[in-house]
Novice: 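Sending over a structure as C-alpha cells; questions will come in a sec.
Whatever order the structure lists them in is the order used to number ligands and atoms, beginning at 1.
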Amino acid sequence: MSTHVAATLATPRAPLTLTTVETPAPAADEVLVRVRAVAINPVDWIIQGASRIIYRWLRTPAVLGSDVAGEVVAVGEAVTRFRVGQRVFGLATGTDRARDPLREGAFQEYSTLLERLTAPTPDDLTDEQAAVFPLGLSTAACALFQPQHLGLRMPGGPASVVPPEVVVVWGGSTSVGMNAVQLARAAGYTVVSTASAENAEAVRALGAEAVVDHRSASAVADLVAAVDGRPVAGAVALGAGSTDACLDVLSQTGGTRLAMASTPVSLASLVGRRHLFPAMLPVFTRIGLATVRSTLRARRRGIRTGFVWGSSLRDDEMGPRLWGEVVPQMLADGSLRPAPAPLVVGEGLGAVQGGLDRQRAGVSAQKVVVRL
Ligand SMILES: NC(=O)c1ccc[n+]([C@@H]2O[C@H](COP(=O)([O-])OP(=O)(O)OC[C@H]3O[C@@H](n4cnc5c(N)ncnc54)[C@H](OP(=O)(O)O)[C@@H]3O)[C@@H](O)[C@H]2O)c1
C-alpha cells in the first residue's frame, strides 16, 4: 500500500495537521494527480470552523480543499482525455455529500479528480495560476448557465445575442465574480459589475463594460444607469448585501432572474468561537429571516431566485461541457485568464492552515495559493 502526506482536519474545528493517508488508485472516471498547487476558498475555513452545522454529512478525518493543479500520475480505465505526465487542474469535490473527503480533497500530495471536472493546464500557465480557477470558475458557471439559475447560453454556442443582453455581476472583484465576468462576456453578453475603486480597472480589463463601487450609496442607481434601458438576462449576487442590491437593480431594469452564491449573513462570525452553540442561534435566525424577506421581495417583483452550489455541475451536462470544451477553448483563445491573481502564501502542506487563516482575514482581488 502506498501512502502520502495530507493536511487533515482530524476533528471538527481543529487546526489542520499533517497525517499519512493511503494513496488511492483512481476509479474508472478519475485521474490521480500529484498536487503541485492548491488555492483556498472561504468555504474551506467555513467547513473547518462550522462543518458540524453546515456540512453535517462530513465525517472526520477529512481532507478539505477544492482547487487542485498538478500532474497526472495514473488514469482510470475509462479516462480518454488525459495521460500520465500531463499537467492538469480541476475541481475536487470531496467535501460534498456522498463523496470521499479523504480521496478527493485538495490539500494533500495526491488527490483524485473526476475527468469531467478537469482540464489540461496550458504551457503558458503556472500551476499556481491554474489553481485559482476551479471553484470560482465552476460556481460562476453554475450561476450563469444552469437552467435553474440564469440559464444563459454558454460560450462557444450559437452566435451572440443581438441586441446584446446585459448580465449584472455584483461582486466582480471576488474570485467567483472575476470568472463570471469572463464567462458571461465570452458567451456574448454585456456585463455590468461592481468592485472597489482599486479593483474597477481589473474587472473592466476582464470584460465588464461598466464597473461601479459596491460601497457607494448610489451603487444600485449607478448599475441601473449602466444598464441604460437594455434587456437584462439576470444578475449574479456575490458578497454581503448583494441579494437585496441585485433585487433592486433587477426590479428597476426588468430583469427576472437572480443567482445567489453568498449566504445573506456571513458565517464568519461562527468560525473560531469556542462553542458553536449558542452562537449559531442568532446567526441562523438572521439568515432565515433575511432569506424569507428576500424571497418575498423577489416574488412580489416577479424575480426568480436560487442559491448556487458551485460543485453541482459534477452531476449535470454543463460540467463536462465547461471543463472539457469551454475552458480549454477560452484558455487557448485568451478569453479566460487566471483571476484573481495568485497570492502565494507558502510552500508545502504545512502552509495550508496559514493559507486558510490568510483567506479568512480578507483578500482583495487575490486568490490565496499554497505551492506544494
Ligand atoms: N455557493 C457556492 O457554491 C459558493 C462557491 C464559492 C464562493 N461562494 C461565496 O461567494 C462569495 C465570493 O467568494 P469568493 O471566493 O469569490 O470571494 P473572495 O475572492 O474571497 O472575495 C473577496 C472580494 O470580495 C469583495 N467584496 C467584499 N465585500 C463585498 C460586497 N459587499 N459586495 C461585493 N463584493 C464584495 C472584495 O472586493 P473589493 O476588494 O474590490 O472591495 C474582495 O475583492 C463568498 O460569499 C463565498 O462564500 C459560494
Side-chain angles (χ1 to χ4, degrees), residues 39-47 49-50 54-55 64-67 91-93 95-97 131-144 146 148-149 168-183 193-204 206 208 211-217 219-220 223 235-246 249 258-268 270-271 287 305-314 319 338-343 345 355-369:
I40 317 289
N41 292 282
V43 72
D44 300 325
W45 50 261
I46 291 172
I47 294 177
I54 52 160
Y55 274 64
L64 309 184
S66 308
D67 294 345
L91 180 69
T93 63
T95 51
D96 274 359
R97 202 185 288 273
V132 308
F133 283 117
L135 187 62
L137 177 86
S138 299
T139 307
C142 289
L144 294 169
Q146 284 181 331
Q148 66 271 35
H149 296 299
V168 178
V169 178
W170 186 287
S173 55
T174 65
S175 165
V176 178
M178 287 187 140
N179 283 286
V181 170
Q182 297 185 84
L183 287 170
S193 190
T194 75
S196 59
E198 298 77 43
N199 293 323
E201 196 40 53
V203 177
R204 254 186 230 108
L206 295 174
V211 181
V212 313
D213 189 339
H214 54 74
R215 295 193 200 113
S216 159
V220 167
L223 278 178
V236 180
L238 303 158
S242 58
T243 296
D244 283 341
C246 284
V249 174
L258 173 61
M260 305 172 293
S262 299
T263 49
V265 174
S266 172
L267 296 165
L270 293 181
V271 176
I287 289 178
T305 60
F307 190 77
V308 176
W309 192 256
S311 52
S312 55
L313 46 54
R314 184 190 53 239
L343 170 69
V345 296
L356 266 64
D357 298 340
R358 179 67 187 81
Q359 214 297 329
R360 186 177 151 216
V363 291
S364 179
Q366 288 171 314
K367 191 91 187 181
V368 175
V369 166

Novice: For atom 33 (C) of ligand 1, what's the nearest protein heavy atom and its distance?
Specialist: Leu238 O, 3.3 Å
Novice: Using a strict cut-off of 4.0 Å, indicate which atoms of ligand 1 neighbour a heavy atom of Val176.
Specialist: 6 (C), 7 (C), 16 (O)
Novice: In the protein, what heavy atom is nearest to atom 39 (O) of ligand 1, and what distance, to one decimal place, separates them?
Specialist: Ser364 OG, 2.5 Å
Novice: Would you check whether Ala365 has a nitrogen or oxygen atom less than 3.5 angstrom from a nitrogen or oxygen atom of ligand 1?
Specialist: yes
Novice: Can a non-hydrogen atom of Gln359 be found less than 4.0 Å from any atom of ligand 1?
Specialist: yes
Novice: Of the protein's non-hydrogen atoms, which lies at the shortest distance from atom 10 (O) of ligand 1, and what is that distance?
Specialist: Ser262 OG, 3.6 Å
Novice: Where the side chain of Thr95 meets the backbone of Leu64, is there a donor-acceptor pair that is under 3.5 Å apart?
Specialist: no
Novice: Mark the output for Gln366 as yes if a heavy-atom distance to ligand 1 is under 4.0 Å, and as no if none is.
Specialist: no
Novice: Say whether Pro340, considering both its backbone and side-chain N or O atoms, lies within less than 3.5 Å of an N or O atom on ligand 1.
Specialist: no
Novice: Determine whether Val169 and Val203 make a side-chain contact, defined as any pair of heavy atoms from C-beta on separated by less than 4.5 Å.
Specialist: no
Novice: Taking 4.0 angstrom as the limit and counting only heavy atoms of Gly310, give me the atoms of ligand 1 inside it, by number and element.
Specialist: 2 (C), 3 (O)
Novice: Any heavy atom of Val43 sitting closer than 4.0 Å to ligand 1?
Specialist: no
Novice: If we only consider heavy atoms of Pro42, is any one of them less than 4.0 Å away from an atom in ligand 1?
Specialist: yes
Novice: Counting heavy atoms only, which of Gly171, Ser173, Ala202 is nearest atom 37 (O) of ligand 1?
Specialist: Ser173
Novice: List the closest protein heavy-atom neighbour of atom 22 (C) of ligand 1: residue, atom name, distance to the nearest 0.1 Å.
Specialist: Val363 O, 3.5 Å
Novice: Can you find an N or O of Ala240 that's nearer than 3.5 Å to an N or O of ligand 1?
Specialist: yes
Novice: May I ask you to decide if Leu135's main-chain N or O and Asp67's side chain share a donor-acceptor pair within less than 3.5 Å?
Specialist: yes
Novice: Is there a heavy atom of Ala261 sitting under 4.0 angstrom from any atom of ligand 1?
Specialist: yes
Novice: Just which atoms of ligand 1 are under 4.0 Å from any heavy atom in Val308?
Specialist: 1 (N), 2 (C), 3 (O)
Novice: Verify whether one side chain among Ser312 and Gln146 offers a donor that lies under 3.5 Å from an acceptor in the other.
Specialist: yes
Novice: Could you tell me whether some N/O pair between Thr194 and ligand 1 is separated by less than 3.5 angstrom?
Specialist: no
Novice: Around atom 28 (N) of ligand 1, find the nearest protein heavy atom and jot down its residue, atom name and distance.
Specialist: His214 CE1, 4.0 Å
Novice: Looking at Thr194 and Gly171, would you say the former's side chain and the latter's main chain have a donor-acceptor pair under 3.5 Å?
Specialist: yes
Novice: Report the nearest protein non-hydrogen atom to atom 32 (N) of ligand 1: residue, atom name, distance rounded to 0.1 Å.
Specialist: Trp170 NE1, 3.2 Å
Novice: Looking only at non-hydrogen atoms, which of Cys142, Ser138, Ser175 approaches atom 18 (P) of ligand 1 most closely?
Specialist: Ser175
Novice: Report the member of Thr174, Ile40, Val368, Val203 with the shortest heavy-atom distance to atom 17 (O) of ligand 1.
Specialist: Thr174
Novice: In terms of atom number and element, which parts of ligand 1 are under 4.0 angstrom from non-hydrogen atoms of Asn199?
Specialist: 38 (P), 39 (O), 40 (O)
Novice: Where is the nearest protein heavy atom to atom 4 (C) of ligand 1: which residue, which atom, and how far?
Specialist: Thr139 CG2, 3.7 Å
Novice: Report yes if some N/O of Lys367 lies less than 3.5 Å from some N/O of ligand 1; otherwise report no.
Specialist: no
Novice: Cut-off 3.5 Å, side chains only: do Ser175 and Asn41 have a donor facing an acceptor?
Specialist: no
